Amino acid sequence: MRPSRRILAPLKERNFALLWTGMTVSLIGDGVLLVALAWKVYELSNKPSSMAVVGLAMTIPHVALLLLGGVVSDRFDRRRVMIASDAIRGTAIGVLGLLTVTGHLHLWHIFVLVAVYGAGTAFFGPAFDALVPDIVHDDNLIQANAIEQFARPAAHGLAGPALGGLLIATGGSGTAFLVDSATFLVSMACLLRVRTPAAAAVTSSPLRGPLGPSGEPAAPAAVLDDVKEGFRFVRANPWLWATLLAATFAYLLFTGPVDVLLPYLVKNELNAGAGTLGLILAVGGIGAIGAALAVGTLGTPKRGMTFIYLAWTVSTLALVGYGLARNAWQAAMVSFVFNALETAGTVVWLTTKQRLVPRALLGRVSSFDWFISTGLVPLSFAIVAPVTAAIGARNTLMIAGGLGAAVTFAFLWVPGVRAADDLVGPDPDPALVVAA
């Protein structure tokens with residue numbers, strides 16, 4: 001890896017600075033929600049099955065709408081798609097907060113409102129991934145992704161959970177929900193000031209034909225045709241489809257157990273409060289911040305795809321430690337290692353996609369990334385409660401981490417995955433990238 005002093009260069013670009021500011025504030029709110037939602041659910045029903053249903057309610061509409069979200073982000077102004085998504089999610093969490101502070105909140109309210117939240121997120125993620133290369137110079141992509149992955153753990157993993165624990169302790173979960181809702185307003189205000197290139201407002205593709213005088217496609221194709229076009233690109237590139245499948249099975253194995261059982265262990269076995277849960281997650285945020293800064297400063301690894309898989313394999317294996325932890329500081333160290341390595345791999349993965357996927361397809365390919373990799377997450381939430389009842393919370397976490405790591409590492413050996421190392425190193429050959 002080569003040193004670089006340009007990690008802050010993307011922030012000199014006005015549009016990215018606005019995008020980053022709004023995203024960071026919103027992510028702080030998401031970190032608040034992470035603690036407040038888990039704590040409120042376990043207050044209403046101290047059962048892992050209740051938290052599992054919340055996970056199902058949030059992820060099913062998210063997964064179901066992801067492909068549509070990718071098409072929408074390639075057909076329309078990505079900035080406006082993100083604003084609409086923020087409005088939907090902010091409203092859902094605002095209603096959740098009002099029901100809580102007025103004492104009218106029931107579990108079924110949470111199920112419905114997090115479903116609306118998940119649906120809105122399905123449009124935000126693909127649009128965000130596709131918007132970054134629209135507004136950032138190509139030479140600054142690795143640094144832009146590093147800054148984004150710095151802000152994500154700093155806000156979502158560190159500041160947000162810490163603030164969430166404080167808000168719950170002083171004003172209750174309702175206050176925490178309302179603060180999260182307000183952060184979406186800040187994000188929307190920043191996005192309204194972002195200016196995207198005219199060519200990026202509505203993208204073109206071979207299936208759509210040329211753009212008309214008004215900027216709209218002269219002969220728009222069916223949504224299904226757009227989805228097929230993105231799928232053909234994914235299927236033609238082993239480095240892409242193999243990585244998405246690896247994530248599918250890894251997330252199936254560990255997402256439900258970690259999201260459901262970590263708060264349960266903190267509350268019932270470590271006999272700690274929401275502040276401790278926030279602290280454990282915040283330490284993970286510190287690890288992710290350090291990893292993002294390291295990758296952004298040093299640049300893309302020489303063998304990018306190999307680096308991605310090794311980082312994600314070890315990070316997943318670290319989750320075994322949650323099942324072994326007997327006190328809060330041990331759980332915090334697990335959180336640190338997991339988030340640091342997960343983030344390091346993710347920075348390189350985002351840069352890989354943005355370099356190798358055509359801009360007109362990037363929204364749809366990103367939606368396939370989200371759709372395939374998270375497609376079995378609802379099943380992960382569905383099975384965590386019965387598995388935990390059969391073998392216990394600690395054993396569930398240890399098995400989830402071990403199997404998830406084994407599956408991730410196995411996909412590194414799919415033919416064509418490691419061949420992409422030559423395309424994503426620090427100085428990729430432009431001719432090879434174009435050919436790919």
Side-chain angles (χ1 to χ4, degrees), residues 29-59 93 96 100 105 107 110-111 113-114 117-118 153 156-169 172-174 176-177 180 251 253-285 318-336 338-339 377-378 380-389 391-398 400-401:
D30 289 345
V32 170
L33 178 65
L34 190 66
V35 177
L37 187 60
W39 215 251
K40 192 61 184 179
V41 170
Y42 280 120
E43 281 182 354
L44 295 173
S45 174
N46 193 29
K47 299 176 182 177
S49 58
S50 298
M51 192 63 197
V53 174
V54 171
L56 277 170
M58 185 180 294
T59 56
I93 301 304
L96 183 60
T100 303
L105 183 70
L107 273 177
I110 297 178
F111 300 154
L113 291 169
V114 298
Y117 180 93
H156 183 266
L158 176 58
L163 178 60
L166 178 62
L167 289 171
I168 294 169
S173 299
F177 292 138
D180 179 28
Y251 287 151
L253 288 164
F254 75 74
T255 301
V258 171
D259 287 1
V260 172
L261 298 179
L262 179 58
Y264 178 81
L265 287 176
V266 170
K267 185 175 188 293
N268 294 280
E269 297 204 16
L270 302 184
N271 297 314
T276 299
L277 176 60
L279 178 63
I280 291 170
L281 298 175
V283 172
L319 295 175
V320 173
Y322 280 138
L324 298 173
R326 299 297 170 180
N327 51 54
W329 75 262
Q330 291 173 343
M333 289 303 98
V334 173
S335 180
F336 180 93
F338 169 75
N339 284 280
V377 167
S380 182
F381 282 107
I383 64 177
V384 65
V387 171
T388 301
I391 65 175
R394 292 186 180 276
N395 288 333
T396 300
L397 285 165
M398 289 189 287

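Predicted model, so just to flag it, every value in this text is computed and none were measured.
Of all heavy-atom pairs spanning Val54 and Ile110, the tightest one is CG2-CG2, 4.0 Å. Shown here for Phe177 and Leu37, the closest heavy-atom pair between the two residues is CE2-N, 3.8 Å. Scanning all heavy atoms of the two residues, the minimum distance from Ser173 to Glu43 falls at OG-OE1, 4.5 Å. Of all the heavy atoms in Val283 and Phe336, the pair that sits closest is O-CD1, 3.5 Å. The nearest pair of heavy atoms linking Leu107 to Ser50 is CD1-OG, 4.1 Å. Considering all non-hydrogen atoms of both residues, Arg394 and Tyr322 come closest at NH1-O, 3.9 Å.
Looking only at distances, no side-chain donor or acceptor of Ser335 sits under 3.5 Å from a matching main-chain atom of Ala331.
To the nearest 0.5 angstrom, Leu270 atom CG is 9.5 Å from Arg326 atom CZ. To the nearest 0.5 angstrom, Tyr117 atom OH is 5.5 Å from Leu33 atom CG. The CG atom of Leu319 sits 5.0 Å away from atom CZ of Phe338, with the distance rounded to the nearest 0.5 Å. Between atom CG of residue Leu277 and atom CD1 of residue Ile168 there is a gap of 8.5 Å, rounded to the nearest 0.5 Å. Atom CD1 of Ile280 and atom CD of Gln330 lie 10.5 Å apart (nearest 0.5 Å). Separating the CG atom in Leu56 from the CE atom in Met51 is a distance of 11.0 Å, to the nearest 0.5 Å.
Across Leu265, Val260, Val334, a single residue satisfies side chain to side chain contact (heavy atoms under 4.5 Å, CB included) together with Leu397, and that is Leu265.
The aromatic rings of Tyr42 and Tyr264 lie tilted to each other, with the angle between the two planes from 30° to 60°.
The environment of CZ in Phe111 is crowded: more than 12 heavy-atom neighbours from other residues, nucleotides or ligands sit within 6.0 Å.
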Inset, instruction - Please lay out, stage by stage, how Asp30 and Asp180 fare under the test side-chain contact (heavy atoms from CB on, under 4.5 Å). - result: CA-CA 6 Å; Asp30 289 345; Asp180 179 28; 3.9 Å; yes
Legend entry - Residues Asp259, Val384; criterion side-chain contact (heavy atoms from CB on, under 4.5 Å); working and verdict: CA-CA 10 Å; Asp259 287 1; Val384 65; over 6 Å; no
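The shortest side-chain heavy-atom distance between Leu34 and Leu281 falls under the 4.5 Å cut-off.
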